[in-house]
Protein chains: 2
Amino acid sequence: MSLRMRKSPASPLPPPCALTECMSLIAGAWTPNVIWHLGGGPRRFGELRADLPRISARVLSARLKALEARGVVHRRAAPTSPPSVEYSLTEVGRELVPALHAIVEVGARLKRLR
Amino acid sequence: MSLRMRKSPASPLPPPCALTECMSLIAGAWTPNVIWHLGGGPRRFGELRADLPRISARVLSARLKALEARGVVHRRAAPTSPPSVEYSLTEVGRELVPALHAIVEVGARLKRLR
DNA sequence: CAGAATCCGTTACGATACTG
DNA sequence: CAGTATCGTAACGGATTCTG
């Protein structure tokens with residue numbers, strides 16, 4: 001069982017509909033976790049790496065960039081040296097947290113059933 | 001942009017936490033769409049193929065089987081010839097629909113913002 | 001510290017062909 | 001009709017190395 005989500009499919013494309021496009025917001029094995037941890041408040045790049053022990057810098061960077069481009073995450077870089085960058089959920093981005101929570105609820109309920 | 005979700009990661013594993021495990025419920029490029037269409041009521045295999053024009057039988061079959069194993073979908077096969085199989089969301093599975101809806105809401109809102 | 005660049009294994013999915 | 005088997009491909013993600 002592998003957990004992935006294509007924003008656009010392999011070559012042709014899976015479902016060119018609104019649902020798929022919206023689901024791409026949380027696409028990627030780490031994306032939900034990134035959003036989840038940002039739900040607790042602003043977080044620095046390095047802090048997120050610590051929150052998500054096994055994530056690679058490459059992937060964290062890519063996810064944050066994608067989320068920023070979509071308007072889910074806000075990036076604030078302090079012009080210091082060494083650099084310090086703070087990420088936070090936008091107002092709309094914060095709405096994803098309860099949505100993720102709802103899915104977790106279902107998962108928990110399914111687990112209880114067996 | 002590609003839309004994928006690993007239920008369990010490539011080899012090591014991304015986030016071995018509850019969130020990830022729950023998110024794996026809707027993992028796969030097509031899974032949310034399958035659940036979405038089943039939300040309208042029971043559906044036959046062939047009907048789902050028609051609902052999801054580009055999905056391959058291989059993937060639809062795999063997704064339905066995974067959802068069934070997790071307790072999200074119920075499968076009822078009529079012992080006729082040719083066979084007729086009806087899929088439907090379980091009671092718990094139905095709870096995923098509003099969760100997906102919530103994500104779509106956020107997606108719509110983000111779209112309006114730009 | 002916050003990344004970008006490169007290399008490479010794993011996998012999700014599509015297409016096609018076949019079956020009970 | 002409802003799948004299964006096989007094959008080929010794009011892309012997701014890990015690890016490592018390098019930089020301003």
Side-chain angles (χ1 to χ4, degrees), chain A residues 1-16 20 23-24 26-34 42-68 73 75-88, chain B residues 1-16 20 23-24 26-34 42-68 73 75-88:
Chain A
M1 284 244 264
S2 172
L3 185 164
R4 262 179 198 165
M5 246 183 177
R6 311 196 175 174
K7 296 146 187 171
S8 78
S11 12
L13 58 157
T20 301
M23 288 306 298
S24 74
I26 55 170
W30 287 98
T31 309
N33 279 275
V34 171
R43 218 75 178 123
R44 303 244 313 271
F45 188 85
E47 293 179 319
L48 286 172
R49 287 195 73 176
D51 293 337
L52 284 16
R54 308 175 197 271
I55 198 171
S56 63
R58 180 189 169 320
V59 170
L60 178 56
S61 177
R63 294 303 149 244
L64 287 169
K65 196 170 294 188
L67 289 170
E68 190 195 356
V73 157
R75 187 193 123 118
R76 211 193 56 177
T80 59
S81 177
S84 172
V85 184
E86 189 181 87
Y87 292 92
S88 55
Chain B
M1 285 244 265
S2 172
L3 186 164
R4 261 180 198 162
M5 244 180 181
R6 310 193 176 174
K7 297 147 185 169
S8 78
S11 12
L13 56 157
T20 302
M23 288 306 299
S24 74
I26 55 170
W30 288 99
T31 309
N33 279 275
V34 170
R43 218 82 178 116
R44 304 244 313 271
F45 188 85
E47 293 178 318
L48 285 172
R49 287 194 73 176
D51 293 336
L52 283 14
R54 311 174 197 270
I55 199 171
S56 63
R58 182 192 177 306
V59 170
L60 178 55
S61 177
R63 295 302 148 243
L64 287 170
K65 195 168 294 187
L67 288 170
E68 190 195 356
V73 157
R75 187 193 124 115
R76 211 193 54 180
T80 59
S81 177
S84 172
V85 183
E86 189 181 86
Y87 292 93
S88 54

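A, B, ... follow the sequence lines: proteins, then strands. Residue 1 opens every chain. Since this is a predicted model, take the numbers as computed values, not measurements.
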Notebook entry, point to check: When rounded to the nearest 0.5 angstrom, what distance separates CH2 in A:Trp30 from CZ in A:Arg54?
Noted result: 7.5 Å

Item checked: Atom pair OG1 (B:Thr31) and CG (B:Leu60), whose distance is rounded to the nearest 0.5 Å -> 10.0 Å

Between the protein and nucleotides 4-7 of chain D, are there any N/O to N/O pairs under 3.5 Å, and if so, what are the atom names and distances?
unit_1, atom_1, unit_2, atom_2, d
D:dT4, OP1, B:Lys65, NZ, 2.6
D:dT4, OP2, B:Ser61, OG, 2.6
D:dT4, OP2, B:Lys65, NZ, 3.4
D:dT6, O4, B:Arg58, NE, 3.2

Notebook entry, point to check: With respect to the phosphate group of C:dA2, does any side-chain polar atom (N or O) of A:Arg49 fall under 4.0 Å of OP1 or OP2?
Noted result: no

Item checked: Atom-to-atom span, CG of B:Leu60 to C1' of D:dG3 - whole angstrom -> 10 Å

Item checked: For atom CD1 of A:Ile55 and atom C1' of C:dG3, their distance in whole Å -> 13 Å

Next item on the list: Give me the residues of residues 75-85 of chain B where at least one heavy atom lies under 4.0 Å from an atom of DNA chain D, by number, or none.
Entry: B:Arg75, B:Pro82, B:Pro83, B:Ser84, B:Val85

Note to self: When you measure from the side-chain N and O atoms of A:Tyr87 to the phosphate of C:dC1, is any distance below 4.0 Å, counting only OP1 and OP2?
What the structure shows: no

Next item on the list: Grab the CG-P distance between B:Asn33 and C:dG14 for me, whole Å please.
Entry: 11 Å

Next item on the list: Show your reasoning for whether side-chain contact (heavy atoms from CB on, under 4.5 Å) applies to A:Tyr87 and A:Val34.
Entry: CA-CA 10 Å; A:Tyr87 292 92; A:Val34 171; over 6 Å; no

Item checked: Whether B:Ser81 side chain and B:Pro83 backbone form a donor-acceptor pair below 3.5 Å -> no

Note to self: Distance check needed: D:dA15 P versus A:Arg54 CZ, whole Å only.
What the structure shows: 9 Å

Note to self: Would you compute the distance between atom CZ of B:Arg44 and atom CZ of B:Arg76 and round it to the nearest 0.5 angstrom?
What the structure shows: 10.5 Å

Check: Could you give the distance from CG (A:Leu64) to CG (A:Leu48), rounded to the nearest 0.5 Å?
Finding: 6.0 Å

Next item on the list: Output, in order, the C-alpha distance, side-chain angles, deciding distance and verdict of side-chain contact (heavy atoms from CB on, under 4.5 Å) for B:Leu52 and B:Arg49.
Entry: CA-CA 5 Å; B:Leu52 283 14; B:Arg49 287 194 73 176; over 6 Å; no

Note to self: Taking side-chain contact (heavy atoms from CB on, under 4.5 Å) as the definition, give me every residue that meets it alongside B:Ala50, ordered by chain and number, with sequence neighbours left out.
What the structure shows: none

Check: For the pair made of CZ in B:Arg63 and P in D:dG3, what is the distance, rounded to whole Å?
Finding: 15 Å

Notebook entry, point to check: Between D:dC1 atom C1' and B:Leu64 atom CG, what is the distance in whole Å?
Noted result: 14 Å

Next item on the list: Heavy atoms only: give me the nearest B:Arg63-B:Ala27 pair and the separation to one decimal.
Entry: CD-O, 4.4 Å

Notebook entry, point to check: CG of B:Leu52 versus C1' of C:dG14: gap in Å, rounded?
Noted result: 14 Å

